[in-house]
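Reviewing the structure listed below.
Treat the numbers as computed from the prediction; the structure is a model and nothing was measured.
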Number of protein chains: 2
Amino acid sequence: MGQPLYQKVIDTIVARIGAGELLAGGMLPSETQLAAEIGVSQGTARKALMMLEQHGIVRREQGRGTFVTARTPESSLFNFFRLREDDGTIIRPELIEEKIIQRPASDTERKTLFEKPESVYEIRRIRSLKGAASTIETAVLPAPLFAGIERRAPLPSALYILYQQNYGCIVLRADESIKAIAAGPDEARALKVEEGAPLLRVERLAYDILGRPIERRRSIYRTDQLNYKVTLD
Amino acid sequence: MGQPLYQKVIDTIVARIGAGELLAGGMLPSETQLAAEIGVSQGTARKALMMLEQHGIVRREQGRGTFVTARTPESSLFNFFRLREDDGTIIRPELIEEKIIQRPASDTERKTLFEKPESVYEIRRIRSLKGAASTIETAVLPAPLFAGIERRAPLPSALYILYQQNYGCIVLRADESIKAIAAGPDEARALKVEEGAPLLRVERLAYDILGRPIERRRSIYRTDQLNYKVTLD
DNA sequence: GAGTGGTCTAGACCACTTT
DNA sequence: AAGTGGTCTAGACCACTCC
């Protein structure tokens with residue numbers, strides 16, 4: 001028994017979710033059923049389910065059951081959209097421009113994205129917060145995994161929900177690297193600031209439930225009236 | 001039994017750590033001893049210890065025992081010092097200037113810091129990374145909790161280790177709010193950049209093991225050659 | 001060999017939700 | 001009442017560390 005039994009249970013469930021057998025929001029078998037199916041004790045199945053819950057992959061509710069995590073617009077906004085008012089209030093961004101193209105992958109894109117794709121989709125969007133254009137987002141996706149996404153335009157405001165519902169990719173984690181930059185001519189025009197004005201640049205690599213890097217995203221924010229909030233632990 | 005038994009175990013241990021009965025790095029009683037002491041089964045004590053481990057409060061090692069988390073310079077640097085080279089390499093900051101003063105608390109400081117202190121310590125430090133001055137840090141601490149800290153100057157590079165070893169405050173979590181700002185005259189002079197150059201400003205509120213807000217910190221970074229890295233989940 | 005945490009089992013009882 | 005997850009127990013065996 002090279003690996004713990006509960007790991008086998010976890011792998012089984014994650015595989016079923018990845019394969020689409022268990023849909024987001026759907027209910028899992030109960031602890032007892034799962035235990036019988038996989039041939040472990042109820043306590044072991046329970047441990048696996050609790051670990052999946054801690055990784056945010058399932059949600060458990062006493063008396064109701066265990067469900068595959070479904071990112072709602074709310075939770076998605078809350079988890080991965082980090083801009084807040086100075087007092088901490090969450091902001092609802094409005095989409096004011098969107099452009100989707102397919103193009104060959106750059107070297108770093110091919111190296112960092114899942115399956116080393118030759119071709120990628122690039123989604124460029126400008127958002128307005130509180131009436132003024134304040135963010136430029138460029139998301140880059142491996143084309144094989146997101147085939148036909150350009151025909152779904154206009155895309156919903158929260159891309160991660162689209163990824164989940166239409167491509168089975170549940171985004172659970174993202175690494176970000178943040179810099180302050182001076183606005184170039186393009187950014188200045190799009191965000192209506194002077195050239196050289198300080199802007200926040202966030203580069204993100206997002207991973208799905210199977211740990212696959214499925215999206216590179218570069219966001220440029222005006223933070224004169226806003227904050228980018230994170231928690232460290 | 002309003003609350004679960006394992007919670008009682010957790011509270012007991014956290015209280016002992018907070019009271020200094022269990023020192024950072026010290027070994028806890030074994031599962032069996034703890035269970036007998038508090039009057040629960042070994043499995044319940046075990047659950048409590050596992051939860052404490054997940055919160056980063058203790059570290060467990062098979063065959064050796066359970067130990068109170070001691071932040072080493074390494075781990076502290078890794079967890080709360082977020083500046084990295086563009087390629088992700090960690091940076092070792094050098095201290096080049098330090099000033100500690102005691103002064104009355106501002107309104108927001110009194111409101112947000114533990115015990116609503118009338119008086120605070122302010123630690124202002126400038127660090128150089130890769131030879132060039134690149135960060136200005138201002139930490140504000142409630143004076144009652146950190147009495148006499150000004151006499152410990154010069155302070156170690158990693159303040160959180162000092163807080164732990166000398167004041168029993170183990171920092172486990174911090175909320176940050178990040179902005180891009182234009183360098184003012186003071187920042188420009190200290191960091192040797194032009195006025196108006198883009199800088200990263202990070203405002204942090206750090207909480208200790210008991211959930212007490214014990215430090216406000218404002219850091220200003222040059223990010224022309226560096227990145228601020230975070231992980232979302 | 002003694003002591004520690006890591007895994008696993010089998011079963012009990014409780015609290016909650018649904019029908 | 002039936003089914004779910006939440007708590008708790010008691011005990012077994014294993015892997016690892018230290019003496």
Side-chain angles (χ1 to χ4, degrees), chain A residues 1-17 21-70 72 75 209, chain B residues 1-17 21-70 72 75 209:
Chain A
M1 188 208 305
Q3 59 174 12
L5 285 183
Y6 64 74
Q7 190 59 49
K8 186 171 143 192
V9 180
I10 291 177
D11 292 344
T12 305
I13 296 172
V14 169
R16 285 191 196 169
I17 295 175
E21 292 171 44
L22 292 171
L23 295 179
M27 186 172 159
L28 274 70
S30 74
E31 295 179 355
T32 329
Q33 287 174 326
L34 211 49
E37 258 182 67
I38 307 186
V40 299
S41 78
Q42 177 265 346
T44 302
R46 176 178 184 74
K47 171 156 187 170
L49 289 172
M50 285 196 307
M51 292 182 76
L52 287 167
E53 182 179 36
Q54 268 166 340
H55 283 91
I57 294 173
V58 303
R59 170 179 41 89
R60 315 192 74 201
E61 289 179 36
Q62 179 172 148
R64 306 216 321 123
T66 303
F67 307 85
V68 180
T69 297
T72 62
S75 72
I209 198 176
Chain B
M1 186 206 311
Q3 60 175 9
L5 284 182
Y6 64 75
Q7 190 60 50
K8 186 170 140 192
V9 180
I10 291 177
D11 293 344
T12 305
I13 296 172
V14 169
R16 285 192 197 168
I17 295 175
E21 292 171 43
L22 292 170
L23 295 179
M27 186 172 160
L28 274 70
S30 72
E31 296 179 354
T32 328
Q33 287 174 322
L34 210 49
E37 256 183 69
I38 307 186
V40 299
S41 78
Q42 177 265 346
T44 301
R46 177 177 183 74
K47 171 157 190 171
L49 289 172
M50 283 195 309
M51 292 182 77
L52 287 167
E53 182 179 35
Q54 269 167 340
H55 283 90
I57 295 172
V58 303
R59 169 178 43 88
R60 315 192 74 202
E61 289 178 35
Q62 181 171 146
R64 306 217 319 124
T66 303
F67 306 85
V68 179
T69 296
T72 62
S75 72
I209 199 176

- Taking NZ from A:Lys47 and C1' from D:dC8, how many angstroms apart are they, rounded to a whole number? 16 Å

- Query: Nearest-Å distance, CZ (A:Arg60) to P (C:dA15)?
  - Reply: 18 Å

- Would one find a side-chain N or O of A:Tyr6 under 4.0 angstrom from OP1 or OP2 of C:dC8? no

- Item | A:Asp11 vs A:Gln3, side-chain contact (heavy atoms from CB on, under 4.5 Å): CA-CA, chis, key distance, verdict | CA-CA 11 Å; A:Asp11 292 344; A:Gln3 59 174 12; 4.0 Å; yes

- Message: Under the side-chain contact (heavy atoms from CB on, under 4.5 Å) test against A:Ile10, which residue among A:Leu52, A:Leu5, A:Leu49 passes?
- Response: A:Leu52

- Rounded interatomic separation in angstrom, taking CE from B:Met50 and C1' from D:dG6: 14 Å

- Task: Tell me yes or no: between the side chains of A:Arg59 and A:Thr69, is some donor less than 3.5 Å from an acceptor?
- Result: no

- Item | Nearest-Å distance for atom pair CZ/P, residues A:Arg64 and D:dG5 | 11 Å

- Note on the structure: Here the distance between atom P of C:dG6 and atom CE of A:Met51, to the nearest Å, is 12 Å

- Of the nucleotides C:dT7, D:dA15, D:dT9, which one has an atom closest to the side chain of B:Gln62? D:dA15

- With heavy atoms under 4.0 Å as the rule, sort B:Thr32 into base, sugar-phosphate or nothing. nothing

- Task: Side chain of A:Leu5 only, please: which of C:dG5, C:dC8, D:dG5 is the nearest?
- Result: C:dC8

- Message: Rounded to whole Å, please give me the gap between CD in A:Gln33 and P in D:dA2.
- Response: 17 Å

- Map B:Ala45 and A:Pro29 onto DNA chain D by nearest heavy atom, then report which one ends up closer to the 5' terminus. A:Pro29

- Message: What is the separation between atom CG on B:Leu49 and atom P on C:dG5, rounded to the nearest whole Å?
- Response: 7 Å

- Query: With distance as the sole test, does B:Gln33 use its side chain to make a donor-acceptor pair with the main-chain N or O of B:Ser30 at under 3.5 Å?
  - Reply: yes

- Item | Between D:dT7 (C1') and B:Arg46 (CZ): distance, integer Å | 16 Å

